[in-house]
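Take a look at the structure below.
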Amino acid sequence: MINNELCTVVSHKEIAPSVFELILEGELTSSMNEPGQFVHVRVAGGIDPLLRRPLSIADIIKEKNQFTLIYRVQGRGTSILAGKRPGDKIDILGPLGHGFPVSEVKPGDTALLVGGGIGVPPLYELSKQLREQGVKVIHVLGFQTKEAVFYEDAFRQLGETFIATDDGSYGEKGFVTDVIKNREIAFDCLYSCGPIPMLKALKNAYGKDKKVYLSLEERMACGIGACFACVCRMSEDPDDSSYKRICSDGPVFAAEEVLL
Amino acid sequence: MINNELCTVVSHKEIAPSVFELILEGELTSSMNEPGQFVHVRVAGGIDPLLRRPLSIADIIKEKNQFTLIYRVQGRGTSILAGKRPGDKIDILGPLGHGFPVSEVKPGDTALLVGGGIGVPPLYELSKQLREQGVKVIHVLGFQTKEAVFYEDAFRQLGETFIATDDGSYGEKGFVTDVIKNREIAFDCLYSCGPIPMLKALKNAYGKDKKVYLSLEERMACGIGACFACVCRMSEDPDDSSYKRICSDGPVFAAEEVLL
Amino acid sequence: MNRLSVELPGLSLKNPVMPASGCFGFGREFSQLYDLSELGAIMIKATTVEPRFGNATPRVAETPGGMLNAIGLQNPGLEKVIEEELPWLEQFDVPIIANVAGSYEEDYVEVAREISKVKNVHALELNISCPNVKTGGIAFGTIPEVAKSLTKKVKEVSSVPVYVKLSPNVRDIVEMAKAVEEGGADGLTMINTLLGMRIDLQTGKPVLANKTGGLSGPAIKPVALRMIYEVSQNVDLPIIGMGGIQSAEDVIEFFYAGASAVAVGTANFVDPFVCPKIIKELPELMDRLGIDHISDCTGRSWNKHARIAHYRP
Amino acid sequence: MNRLSVELPGLSLKNPVMPASGCFGFGREFSQLYDLSELGAIMIKATTVEPRFGNATPRVAETPGGMLNAIGLQNPGLEKVIEEELPWLEQFDVPIIANVAGSYEEDYVEVAREISKVKNVHALELNISCPNVKTGGIAFGTIPEVAKSLTKKVKEVSSVPVYVKLSPNVRDIVEMAKAVEEGGADGLTMINTLLGMRIDLQTGKPVLANKTGGLSGPAIKPVALRMIYEVSQNVDLPIIGMGGIQSAEDVIEFFYAGASAVAVGTANFVDPFVCPKIIKELPELMDRLGIDHISDCTGRSWNKHARIAHYRP
Ligand SMILES: Cc1cc2nc3c(=O)[nH]c(=O)nc-3n(C[C@H](O)[C@H](O)[C@H](O)COP(=O)(O)OP(=O)(O)OC[C@H]3O[C@@H](n4cnc5c(N)ncnc54)[C@H](O)[C@@H]3O)c2cc1C
Ligand SMILES: Cc1cc2nc3c(=O)[nH]c(=O)nc-3n(C[C@H](O)[C@H](O)[C@H](O)COP(=O)(O)OP(=O)(O)OC[C@H]3O[C@@H](n4cnc5c(N)ncnc54)[C@H](O)[C@@H]3O)c2cc1C
Ligand SMILES: Cc1cc2nc3c(=O)[nH]c(=O)nc-3n(C[C@H](O)[C@H](O)[C@H](O)COP(=O)(O)O)c2cc1C
Ligand SMILES: Cc1cc2nc3c(=O)[nH]c(=O)nc-3n(C[C@H](O)[C@H](O)[C@H](O)COP(=O)(O)O)c2cc1C
Ligand code: FES
Ligand code: FES
């Protein structure tokens, strides 16, 4: 059920330079189930900015009717969002899209969760749900620098966690794919969210042999599947017109399903 | 000196339905001298709304570096303004324009101040300054209804004050001009601010025999005299191209100078 | 009396508010949010003969008070629209206006002939103004003779009234309107998007993969109002107005300019409930403004006496 | 090295930022706020042969992200501009671009001949695109042949380079640009305002006394960018870009689109210090974007290699 609700800011803090953790309270939390779904946020009431901003749900706290968003200040929309104070109301549309399929792994299986930068947040709720199901979770999280790292402890509480930084200022230097290879990490199913080059590398390395689920991003308008702004091409495309809408068919897809 | 400053909201309250008294603090107060000048207010930082809003200076409290605006919520701009809380910053450009000439009356003279609705505010500072100069002030203030009346006590403390309401729900029923006539109010100089029909009536009744100064309104863009948005025609216009800019040559004009 | 009802060629509308083409898909997504029968009508996404994938992504970019799109007429093709989308829409008590597009005259004619036969299609909207396709599209909408000829051909085969959707990217909108009136159009819809672009500062390249796109949203409202104001005084066709409408106030402003009904596009992305909200708010606003029946205020900005709406029985 | 200097026909600019015509009067008001010598140039208010009062008020109306104006070329007339305004401006170290307007070809020619003789006038801006005057104005700017002929006549008499100001209210802006290029223009300035209108809900009448007006401000930025992008690739004249510029970021976006300098209009009303602010912020932004010299990035959105700015010595 997609809802539209004025949610209340419960807490809002900077957890890394320009990265904010925003906890919101609202009835629509009760409709949030799949990890990897997102909400469409209207950061201001008027026309400045005009469009909503898609942000992934990072954590669902059902018993309190609260959920968490983690975002990086990028442009005008997220800058305005960063100014919201506890008690303020924010217009939220959601939950939207289809998330990571948690039923693809059985209790006792191992799931590898690979996140890059601001793609890390939805993996937190995913990890929580997998753990609840009795799945073993391993996290490989890539960040630019030591300062950019967030939620490391939170992930560690759920399972083994490796950090990679581009500049080697923390954890291992290099790409998340290097970490997986070097550490010879074994897994039954891979879930990932992050920049396209990272997703491509993962698809190429593991897409053929393993179950791989990727969360994609694209510029959106409606966020609900009506405007065709956010399509991606499918791997099988007989008449050159096959597509999926990232907002409503995704944002999570099986790696073999879509062209990156 | 025209200044541009982020002023701080000191107090903000509704003093009549949809009419707000906003007290701001800022260095530019020190440049405010003439009663009847205005400030150009940017109610929001972005493009919604885009333009500034002109509001008259109602009260100058030099010793505290504070000044007062009194405004009625009209459309989008004033609605947003009404949401500002003490401590918030507001972008103010001013003081702008030329106000009421207080030196036109001598100590001991009588000045009649006639205000209509949301034209009343600038008369308060004017009255204060005239009183300081030893001028006797009489106020005739018109409002729509009893509820719409504001600042009555404040004016009473400075001089005799008559209230007229359109519907007779308070004070005398009818136009301010009726009050002046019925009461046979004598004066040396008349100052007025309010709706055009009122100003016209005053000009017609007293413009020939008395000194009459009127504060005009027009839709503005720049507020400083550069865009020619706010011109009015002059009474003497030999080549059909004479004009005054209300924002920078006015907003106060001698009644015989301009066409209404 | 229903104060919101509007009668237009082919269309008996319970209210004058409908989603604009391309901003509502074929209604499936919004049907999860509210009952589509509340709408005056639905303008469905442009339909072409063959399925189209459309342009590469990114397809949208934000602009001050507006947005650009270069979707490129993505749609499942005539056959699927007739066999799947339109029958699905039959469950709602709402007339459909089918948006017809193509690259060549023959395409338009084929889509128009077939789609106009479908039961719940009450009118066609001839999209001669899409700025986002390489061939056809906007060329048909910016050259009067071409527009007139196409209108005529489509009129010949259509089983329902034909509204022609005008492009604002012209020097003289009245000239275009007159041309399609001569071509036999039953009504006009206006405006489509203005051609625009944004450039990404980091890459130095256009934000849209298609480079340029169509500007919609509140930013274009004054242009839409001006064009409707001009056209409504010079052409005898009813106008479905659009371009930046977000509120009941905007709807009245479009009626005053000369519209007889309105469509809401971009605002559906900002607030997916905007259409039913506007419909609900209209009567109260009309009370405040002293408007008895919505059709009474068509053209009020240029006509002292409320004009009698076209086709009002 | 001055990273902001720009060389254009007739204009050696210390930086590429100047106030747009009509948004800065003749500079007197803004001179109370900052030193006008900080500006790259000044485009003064349109000048006509005779003094003009202009249109009735209201002359401005706000729109979403923009504004409408219908000033109607109010100005003190050629004589006063030459005798009072321009000499007054001589105290500043800043080249003046004189905006030339009229109702007939002869008017333009007379103003151009006389005003181009004044010492601090370094270039003319031929205003063939004002939407707010009944005769002349926009007609000259929407018909290629008329624009070309006028440009030619003005070039014949002008003592300084002539920039022609293009109207966006056309179907094909490249066609217009080519016409004035053939007419001998030395440069282009674009865009002037889009025709628009607003209606007052209470009265039911247009807000502007002139009914329609010119739309400016951020709302039109994507249209301006698109037109500059198209024209700069098809015409060999330098472009002074304008339309909704508010920030240093906007300036770079216009350069990327194809501008060689920029003008700031409406934003002066929102923030009277906007021009010096932008000039101050440009170098830092250029550092972040890796731009050495401002002229290097003209046309970057369509040209892989930074284009060498026209007339860069
Ligand atoms: C399904 C989905 C989930 C996302 N989850 C998160 C998250 O949890 N945390 C986070 O920090 N970011 C997330 N993003 C990216 C986030 O939406 C953008 O960073 C944000 O929209 C930027 O807005 P802005 O106003 O700050 O930037 P601006 O550059 O001013 O935005 C201009 C326009 O571009 C769009 N845009 C800009 N960057 C992106 C982008 N990367 N993806 C999609 N649209 C973009 C904006 O939505 C807006 O319409 C997600 C994106 C998608 C599609
Ligand atoms: C010199 C001067 C002094 C003023 N002093 C006061 C005052 O002390 N208190 C007060 O309540 N009002 C005053 N006004 C009127 C006040 O400026 C408008 O009520 C206000 O701009 C409305 O803005 P809005 O966004 O609420 O309305 P909207 O209708 O949304 O405004 C749309 C546009 O129209 C302009 N506008 C609308 N009404 C007026 C108007 N009456 N005069 C000028 N522009 C208008 C706005 O500035 C804006 O540009 C004054 C006007 C002028 C010219
Ligand atoms: C994403 C998007 C897709 C559109 N697709 C179509 C289309 O397929 N056919 C069409 O005639 N108009 C299309 N339009 C134009 C709209 O129907 C409408 O004319 C325009 O957006 C102006 O209205 P608005 O400002 O309310 O959006 C589209 C607009 C948008 C924003
Ligand atoms: C109030 C006003 C007056 C204008 N007067 C003129 C003018 O006299 N001559 C001219 O060529 N352009 C005139 N313009 C157009 C501007 O110079 C500029 O081309 C246009 O406003 C777009 O830029 P902007 O969005 O930065 O304002 C005027 C614009 C405004 C807003
Ligand atoms: S954003 Fe509209 S279809 Fe995905
Ligand atoms: S508002 Fe610009 S001249 Fe008065």
Side-chain angles (χ1 to χ4, degrees), chain B residues 1-6 31 40-54 74-78 91-97 196 216-234 237-249 258-260, chain D residues 19 22-34 45-46 48 50-77 80 200-201 207-209 213 216-219 221 244 246 265-274 277:
Chain B
M1 246 294 279
I2 299 175
N3 295 282
N4 188 198
E5 187 180 343
L6 282 177
S31 307
H40 220 19
V41 183
R42 189 166 178 193
V43 302
I47 60 160
D48 183 17
L50 185 67
L51 297 176
R52 290 174 179 267
R53 303 306 196 240
Q74 194 81 14
R76 180 148 182 82
T78 46
D91 178 340
I92 301 286
L93 182 73
L96 302 176
I196 285 286
L216 305 186
E217 274 191 18
E218 189 48 84
R219 294 197 176 229
M220 295 184 173
C222 71
I224 62 172
C227 75
F228 301 98
C230 66
V231 298
C232 61
R233 289 195 177 266
M234 302 190 61
D237 189 0
D239 62 351
D240 192 41
S241 73
S242 306
Y243 64 91
K244 291 274 178 186
R245 293 157 304 180
I246 290 175
C247 68
S248 54
D249 299 317
V258 289
L259 278 185
L260 293 185
Chain D
C23 303
F24 207 74
F26 295 92
R28 287 184 194 265
E29 295 75 23
F30 285 87
S31 76
Q32 301 171 336
L33 302 180
Y34 59 85
K45 178 75 193 161
T48 54
E50 303 295 333
R52 285 208 195 180
F53 177 77
N55 295 319
T57 55
R59 293 176 169 191
V60 291
E62 201 176 42
T63 73
M67 65 172 279
L68 296 168
N69 89 80
I71 308 294
L73 298 184
Q74 174 153 25
N75 81 91
K80 267 219 176 124
D200 185 312
L201 284 201
V207 173
L208 298 176
S216 64
K221 193 177 82 163
Q246 281 194 307
T266 303
N268 290 293
F269 310 151
V270 180
D271 175 2
F273 297 91
V274 67
K277 266 188 204 157

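These numbers come from the heavy atoms of this one structure, side chains and all, not from hydrogens, waters or symmetry mates. Labels below follow one simple rule: chain letters A, B, ... track the order of the sequence lines, proteins then strands, and each chain is numbered from 1.
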Worksheet item: Any idea which of D:Phe269, D:Phe26, D:Phe30, D:Phe24 has the most non-hydrogen atom pairs under 4.5 angstrom with chain B?
Response: D:Phe269

Worksheet item: Should D:Phe53 and B:Val231 count as side-chain neighbours, where that means a heavy-atom distance under 4.5 Å?
Response: yes

Practice prompt. With the side chain counted from C-beta on, respond yes when D:Asn75 and B:Phe228 share a heavy-atom pair under 4.5 Å apart, and no when they do not.
Written response: no

Worksheet item: Would you say B:Asn4 and D:Asp271 make side-chain contact, with heavy atoms under 4.5 Å?
Response: yes

Fill in: Spatial distance of atom CD (D:Gln32) from atom CD1 (B:Ile2) [nearest 0.5 Å]
5.0 Å

Worksheet item: Are D:Asn69 and B:Cys227 side-chain neighbours, meaning at least one heavy-atom pair lies under 4.5 Å?
Response: no

Worksheet item: For D:Glu50, is it the side chain, the backbone, both, or neither that has a heavy atom closer than 4.5 Å to a heavy atom of chain B?
Response: neither

Discussion item. With a 3.5 Å distance limit and no angle check, can you tell me whether D:Glu62 reaches the backbone of B:Leu51 through a side-chain donor-acceptor pair?
Written reply: yes

Practice prompt. Show the numbers, then the answer: is there a side chain to side chain contact (heavy atoms under 4.5 Å, CB included) between B:Arg245 and D:Glu29?
Written response: CA-CA 12 Å; B:Arg245 293 157 304 180; D:Glu29 295 75 23; 2.8 Å; yes

Discussion item. Looking only at heavy atoms and a cut-off of under 4.5 Å, which of B:Met220, B:Arg42, B:Arg233 has the most pairs with chain D?
Written reply: B:Arg233

Response to the item:
Between D:Pro218 and B:Ile47 the two heavy atoms that sit nearest each other are CG-CG2, 3.8 Å

Practice prompt. Could you please spell out the steps behind the side chain to side chain contact (heavy atoms under 4.5 Å, CB included) verdict for D:Leu33 and B:Ile224?
Written response: CA-CA 10 Å; D:Leu33 302 180; B:Ile224 62 172; 4.1 Å; yes

Practice prompt. Show the numbers, then the answer: is there a side chain to side chain contact (heavy atoms under 4.5 Å, CB included) between D:Gln246 and B:Leu50?
Written response: CA-CA 11 Å; D:Gln246 281 194 307; B:Leu50 185 67; 3.9 Å; yes

Item to complete: Could you pull out the closest heavy-atom pair between B:Arg52 and D:Pro272, with the gap in Å?
Response: NH2-CD, 4.3 Å

Fill in: chain B contact via D:Pro51 - side chain, backbone, both or neither, heavy atoms under 4.5 Å
both

Discussion item. So for B:Ser242, is it side chain, backbone, both, or neither that comes closer than 4.5 Å to the heavy atoms of chain D?
Written reply: backbone

Worksheet item: If we only count heavy atoms from C-beta on, is the D:Pro58 to B:Glu218 side-chain gap below 4.5 Å?
Response: yes

Worksheet item: Taking D:Gly217, D:Ala56, D:Gly66 one by one, which has the highest count of heavy-atom pairs under 4.5 Å against chain B?
Response: D:Gly66

Worksheet item: So what's closer than 4.5 Å to chain D heavy atoms on B:Asp48: side chain, backbone, both or neither?
Response: neither

